[in-house]
Each structure stands twice: as structure tokens, then as C-alpha cells.
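Some notes on the structure that comes next.
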Amino acid sequence: MDPALGPPEEMAEKRDELTPMMRQYHDLCERYDDALVLFQVGDFYETFCGAAERTARLLEVTLTSREDSTGEYPMTGIPIDNAESYIEDLLEAGYRVAVADQVEEPGESSGVVERAVTRVITPGTLTEDELLSSDDNNFVAAVARGAGGDGPTDRDADLALALLDVSTGDFLATSSASNEAIADEISRFDPAEAVVGPDVRTESGDAGSNANANADADADADADLFPKDCMVTPFDEAVFDRDRAAETVADYFGNPDSLLASDPEIRACGALLEYAEYARGSERDAEAKADDGGEDDRLEYLTHLTRYDPREYLLLDAVALRSLELFEPRAVRGRDEATLVGVLDETASALGGRKLRDWLRRPLLEPDRIEARLDAVEELKSGVRTREELQELLRDVYDLERLIGRISRERANARDLRSLRDTLAVVPDIRAELEDADCDRLRRLHAALDPLADVRGLIEDAIVADPPIEITEGGIIAEGYDGDLDDLRRTARDGKQWIDDLEERERERTGIDSLKVGYNSVHGYYIEVTNPNLDSVPDDYQRRQTLKNSERFVTPELKEREDEIVGAEERADELEYELFRDVRRTVADEVERVQDLADALATLDALVSLATVAAQYDYCRPETLEHERTEDGGLEIDIEGGRHPVVERTQESFVPNDAHLTEDRRLAVITGPNMSGKSTYMRQVAQIVLLAQVGSFVPAKSARLTPVDRIFTRVGASDDIAGGRSTFMVEMDELATILREADERSLVLLDEVGRGTSTADGMAIAQAITEHLHDAVGATTLFATHHHPLTEVADVLEDAFTLHFEVDQEDGEVVFRHEVAPGAATGSYGVEVATAAGVPESVVERSRELVAEAETEPVDPAKEEGEGEEEEEEEEEETRELDPEEVEGPELEPEPEPEPESEHAAETETTRATGAATTTTTATADGGDDPTDVAAELRALDLGHMTPVEALTELDRLKRLLEE
Ligand code: ADP
Ligand code: MG
């Protein structure tokens, strides 16, 4: 148990003797025992005992102590004024933070000031703008597993996932029979936090330690579901109970059985709702609580629950998301904008930014929906003036989703309401721009842009134009909105006017010219008379204060007026607060309309952004092909002059390339030297396909595409050494997934597969995979490889073909043309490049000899290829310096090379193991007859149905066979 959580032991022992304040602290710690309690004492949040020691270390604040009659307790304090940054650090360290605020004014009651947890801040349930990224969602997830078997439907055995963005109200649910499918959805939405049901096995999360760090293999079976930076914790089992969850869901959205597909989904959603309520804090400010009877913790702005099936969208697993650089640059030194979202995001509002990210996360499958977006993008692209006008107007759109969330949670101040009003004020102009829209999508947006005139009118009438941040100190409600308030204000004003005039009147009455009327916060209003004039003071003056040179007086009338003013002002402040909360509640009642408007604005912004990019960077509208066009639902990818959307932005000049993949040309083996453009080419094809399904124009001269269901990638040598797995294991793992799950509607990218092992093994695996993808899977595949013999395999396979990249030499310089061409690379480029790079003539000569030898007689391919590979790598270093165009190469190179150490280790080990037997393997290279059983067995391997471990075991066995 983390000593920072739960009631401190040293207090628990003597709870009944504690001072009232410390008892309060103890009890709150007990009640919120899975959060670190920040306890308001005046202007500070304090922590005590174990929590104090922990926060002192984490936040680098001084550890002091508090002493009272019952003992001495370690203590830290952080200033409330900038608590957010401290809280952020606590969250980062893996804590939930329960904020216990003073909920009554000191002195309001006789005993100790009442405190209540007004919010529990957790990584996944943030609503504080300071802690949130504005253009991305922040999700918390709940996962529940079905009991299986005895439920009313088969689906009850599924794993269900619910996702909620507490700040915006986005709420989604899905489920699947496969753990992997749910893991893929989780990586798509990348929740900051997850709570899991009792039947989901993860290491029980100690706050402060990373939840799934070193769980043993069995216990973390489900921990694999979550990315490392996601805080995973079990939550109160009771909330996952079917009946209780169904009730919770019903309370928000109506009949759960009609909304959701299975019991696990209901349980995940119900639990997540309760978790969100928990995070809201048990009590809001005391008055708000009193208003709704202290009962209702409902989050009113959660108005939509969307149940979806992962199969409705193009599936992108974590590997694909990463290698296609959707949201994060691959290169460590990569710049943030070197991502797909970076090049596409020209949105003007936070709403639009989030919408665009959601579209990228979930590209569409249905041609109709894709075309509808494309129609809108096309119209906005060609309507230059409208587009620019819209973008300008959209800049004035506030984050309505979070605003209405705050309004609904009663966290909004008067400025927030005015911000809502300001946004509503631009809606009519935005609407007007769409008045003549042609396409269906834009016309529907036009109709959906409800300017909420009633809400805007209410705010304009009720709230002053530039209100203060504080909502309890008046100055918020506009003149004329409320008669009583106006009366009170008039009273106060008249009173003040009377006082303002008093000086003049009293001077006349008393004849004392130096008489002054003043105000001080202790004594209130007074009349001040200097000592020489004291004789002229009238009888009704009452002495209040004696100063050195003067006396201060009041009169009964002045006192009366003063009380009137103060009373009126106080009552006015209170009334204003009440009126403000009424207005806020009235606005909150319109939450759904505001959310619908927000969605329309977000969609429009995202479309305008796509149109802007399309216009600015010369994208073309892709043609969406129906699957029916092709006989067995295969894909057609037909790109002319395609460019890599990210690389072209960082490259001075980018060489466009075509891609033609059809049913009978669906597997391309791509060869060419390092740095020639293979990886870029493959990724650009996939990104163009993906962009088209987002509904975006694409960087190409023309593109005709059938939507793909899923993009698989195995790109570069990613290494998971930290996760305790070798490169090779990772590679095999990813391959196994591809072979198991790909089908004829998948697009598969394989980049340098087989690098993690000896060349002989790598080649064998590469060939077996190629054949399997071709014969059994039927996926559209791009395979970049340094295994040249693979091009011969492609020649044999019916629906496979070869592509290659050439390197030129001009005046002794290596020139990368980056141009894809049919056929296989010659294979001799390595030596040529070496020459150009200035490798000594004798070495080059010897290389030529060896190449010639290799072409005539079988040699140890492990050695040959192994060396070849190293040579290439070195060459790459050289050529970067040689080619002026490549000056930025190292920085932009998106593909991290494998860790030298690990690669080296793998190499030496396997070389030793294959040793004598390798010659036999060469024969497989030509794809002809299999001279050995081993090759035949390799061919027969059903990789699609093997686990990585099985694959390794099998490989090991085959190796042994060869060695015998
Ligand atoms: P490979 O995979 O063959 O080693 P890459 O695809 O990684 O080569 O490309 C290496 C570098 O060459 C890229 O980082 C990019 O800077 C540049 N490059 C690739 N393709 C093109 C292209 N079509 N036009 C211009 N530069 C390109
Ligand atoms: Mg590459």
C-alpha cells in the first residue's frame, strides 16, 4: 500500500483524539483512499504524514510539520493559486488527486470549517483547461469482460470497451470477441486512464508505479490491452454489476438494451458513468448541492452514447498508427508537425481540431460516406472566398463542447457565458456563408447551424459585456435584467450619491470649510473635522475616532444611510449570484442544442481544413471505387504522381511516383539501395489510401481507390528492448498478426522483414510470408526488401510483380532519383555506390570479384547478405554527406535503424548457429524446386496460425535439421 494513500497510520491509531480539523483530514483520506487528498487550509492545499513526505519529494516543496496537542505530523503545503501545475506533476506520477476545498466561509459556523472533496482529478477525467490539450480528446476507458456462455446472447462473452471524454461529453462503446480488436480500439483512442472490471486481469495498480510494468506473464494477459502510458486501475467492483450498471445507463440515456449490444457493454458504460461521477467529487459547492437536494451527481451534459462496431471503420492497430505517423513522428528527433495530422490540421478552432483527429483515427469504409465528405471538401476547395471567410469566422468559435460541459457541471463563470454568447454571435455569419451551398453535406450543416438566438438573447440581457472572473462579488448581472436587483442597486447608488453630497451640505451647515467625508473599512463612513474647528461641531455629531490632528464623527442619519448602502450591496451581490446561477442553469438546459451546434461547427471546421490543405498543396480528389467492381472484393489502387504528404513538406523537391495495384498485380516486391525511397514510397501509398477514406483530397495527380478494411504495417526495425522482447520477437509477433488477420481487403506493408535474424533465416521467412500472402491471404501487399532473391520469387508468383529504385552516378556523385520503376534492382549498385563514395579502388575491385563469384557459384548466403547489408549501411552514411539534397537526410530519415548492439548480437549468434548448413538454403532463393525437406517444410508452414513462440520453436527445429 502506498503510504501517500488512505488515512495515515499515525492518525488512524488515535482518530478519536485528533483535533477536529485533523479528524476531517483523516476521514476524507479514508473515504477517498485511492486518491491523494489535497486539503485546503486557507490559501494552501496541505498534505500530511506519508502523503506529505511523498509530495515533498515529488513536487520539490519543503517538508515541514504541524504540531498540535495530539502530536506532530509531517506536512507540506502548495499554494492554491498555482495548484494546477503541482497537480499535473502528481498525475504524472500516477496519482489521482482528491481536492478537498473549504465549502463554507471561515467563521460562518462555530466549529471547524467544513471541507468537501469538490473534484477528484485523474489523468482520464480532467476538465481543467490548464491540464488539457485543446485540440485533442482526453479519454478515460472502462473495460469489462462478459461471463460467457450463460448470458442471453453469444456476445456476452465479449470484451467491452467504453470511452468517455469528461471534458467534452464524447461517449463511445464497443465490444469484440477478440482481445486484440479491443487493444486496437484502445490504441486508436489512446485513453489516459482506464478502469477495469473484476474480470479483467491486470496487475493491481499501485498508484505511483506504472500499472503494467513488471507483471508476470499470466497476470498481465489483459494488461497487454493498454499502452504503457495509460494508468490502469481496478475500480469498485460493485459499479460493474450488471443490474446496477443498467440502471445507471438507463438514468442517463434510456433503455440500455436498445442502446448497447451486450451485457459487458452495459457494465463497462455503467461503471464508466459512475467513475465520472466519482471524479466530479462527492459534493460541489454547498449551495449547488442544497439546490438539488444533495442527491443528484448526474453529469447532465452526457447526452449521447454512441455504440459502434470497430468493423465500421478502417482498422488501424497501434503498429500502423505509429508507422504511418498519424499522430506521432516516428523519428525520435522528428518534429511534431512531421505527422499526418500535422500536415492536415489547418483547423481554426479546438472543436475542429478534435473532429479532424477523430476522422483520422477512424477513416471510413462506405463509399457513400466518403463521397459525401469529398463533395463538401471539393465545394469548399473551389469556393475560395467562402472558404477563407469561413476560416476567419471559425477563429472566433470557442471550445463550445468544453464550455457547455463546464456550464453543466456548474463550473462556468460569467466570462464563460459571455464566450458562449460571442460564439453564438458569429453563427449567423457562418450560416450565411453556407446559404448557397450545393452539396448535401454542406446543406445539412447549414440547417444544423442553429444560432440559439434564445440562449444568446438571455446571456446578452443578463450578463454584462465584460464581467469579472469572480461570480460571488457582483458586477455580473446587467442593468434592467431584474427589477429587484435594479432596486437594490438604486438604493445603494442613491445612498452613495447622498454621501457624496454630504460633504458640501455639512460644510454649509457647520461653516467648517475643511470638513471632509471619508470611508474606512473598519469604521465605515465618517465626517472628519480638524482640531481647530471642533468648537463648531453640531450636537448630532457622534465621536467615533480620535486622530492626532482631527476627530472623526458620524451622524445617526449617516449611519442609517450607510447600513442601507451596505445592506443593499450585500443583498445585490447575493441576488446577482443567484440570478447568475439561474441563467447558467437555463443555459445548461439547452446542453443538447449547444452540443449539436458544436458538432456542426466542428465538422465544418474540419472540412474547411481539408479543403485548405487540398488547395494549398495541390491535392486531387480521389475517385472512390466500389468493391463490386472487382470480382472477389479485391482492391484496386491506382495512383498517378503520388507524393508522401509528410515528407514532401520537409523536402525541397519531392519526386512523385505512381502505384498500380490490382487483383492480378496485388503483390509488389520492391528493391533498391538504402535511402533510395522504398519506405517512403510504401508509406505514401498507404497514407494516400488512408487520407482518401478520411474524406480528404490526396497528394497525387490522380487516384482511384477501393476502400480498404485494414492497413497492416511491419515497417522498419522497431525494437522493444524495454519490453523485454527482442527485435526478432517483435517482428514475428507483428507478422503473425498480419498473417492471421489480413484478408483480400487489407493493404499490407512489409518493410525489410527478416532483419532481426540471420540472412538465411530472414530470406526464408520473407519468402514463406510472400507466398502465404499471395496464395492464402490475397491481401494487397507492398514488400520492400534487401533480400534480392525475393524478386525471383515474385516472378514466379502469378499475381506478384517487382518494382525497384535506381541510383545514378553523375560526375562521380551518387544521385538518388527516388523514382520507382518496374523490375528488380540490378543488385550491383552497392559496389557502384562504394566507388562513388570514394572507397579505395582495391576494395571496390575485390568487391566486384566477390559479386561475380556469388553470381556463379553458391556461397554462404548468410555471409554474403550479411556483409552486403553492412556495406549498405555504411554507404548510407557516406552518401548523406555526398548528396547536397540529402544534407537534411539524417534528421528527416524517418526510419530508425535497429540498435547496433542488438543487431550485432543477433547476427553473430545466428551465424554461429547456421554455420555449416547454409549452402543448402540458397536453393530456395530462386523459388524453384526445393532440394531439401527443410525448404519444403518452410513453405508448408502455416504462419498465420502460429504464435511467435511456435514460430521460433519451429525455426529452431528446422535449423537443427539442417545442422544434422
Ligand atoms: P529506403 O527505404 O529505400 O532506405 P527511404 O524511403 O527511407 O529510403 O528514403 C530516404 C530518404 O530519401 C527520405 O527520408 C527522403 O528524404 C528521401 N526521399 C524518399 N523518397 C523521395 C522522393 N520520392 N522524392 C524526394 N525525396 C525522397
Ligand atoms: Mg527503408
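Atoms within each ligand, like the ligands themselves, are counted from 1 in listed order. From a predicted model like this one, the values you see are computed outputs, not experimental measurements.
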Please work out which of Q651, R683, Q684 has its closest non-hydrogen atom nearest to atom 26 (N) of ligand 1. Q651
For F697, the ring-ring contact (aromatic ring centres under 6.0 Å, His included) test, sequence neighbours excluded, returns none
For P673, the ligand 1 atoms with a heavy-atom partner under 4.0 Å come out as 3 (O)
Derivation of the salt bridge (charged side-chain N to carboxylate O under 4.0 Å, His left out) call for E640 and R704: CA-CA 9 Å; E640 259 179 78; R704 301 167 70 242; over 6 Å; no
Could you note down all residue pairs passing ring-ring contact (aromatic ring centres under 6.0 Å, His included) where residues 653-673 supplies at least one of them, sequence neighbours left out? none
Evaluate the ring planes of Y617 and Y619, with Trp represented by its six-membered ring, and classify them as parallel (under 30°), tilted (30 to 60°) or perpendicular (over 60°). tilted
Is S679 close enough to the Mg ion (ligand 2) to have an N, O or S atom under 2.8 Å? yes
Note, L360 side chain near L344 side chain (heavy atom, < 4.5 Å): yes
Enumerated ligand 1 atoms positioned under 4.0 Å from heavy atoms of S653: 25 (C)
Ligand 1 and G677, any nitrogen or oxygen pair closer than 3.5 angstrom? yes
Could you please spell out the steps behind the salt bridge (charged side-chain N to carboxylate O under 4.0 Å, His left out) verdict for E798 and R666? CA-CA 10 Å; E798 202 187 332; R666 61 178 135 83; over 6 Å; no
Ignoring angles and geometry beyond distance, decide whether M675 reaches within less than 3.5 Å of ligand 1 through its nitrogen or oxygen atoms. yes
Please state whether A784 comes within less than 4.0 angstrom of ligand 1, counting heavy atoms only. no
From the candidates V655, T650, V820, T680, the one that places a heavy atom nearest atom 5 (P) of ligand 1: T680
Is the shortest distance from a heavy atom of S676 to ligand 1 less than 4.0 Å? yes
Any salt bridge linking D799 with R665? Criterion: basic side-chain nitrogen under 4.0 Å from a carboxylate oxygen. no
Test item, P656 contacting ligand 1 (heavy atom, 4.0 angstrom): no
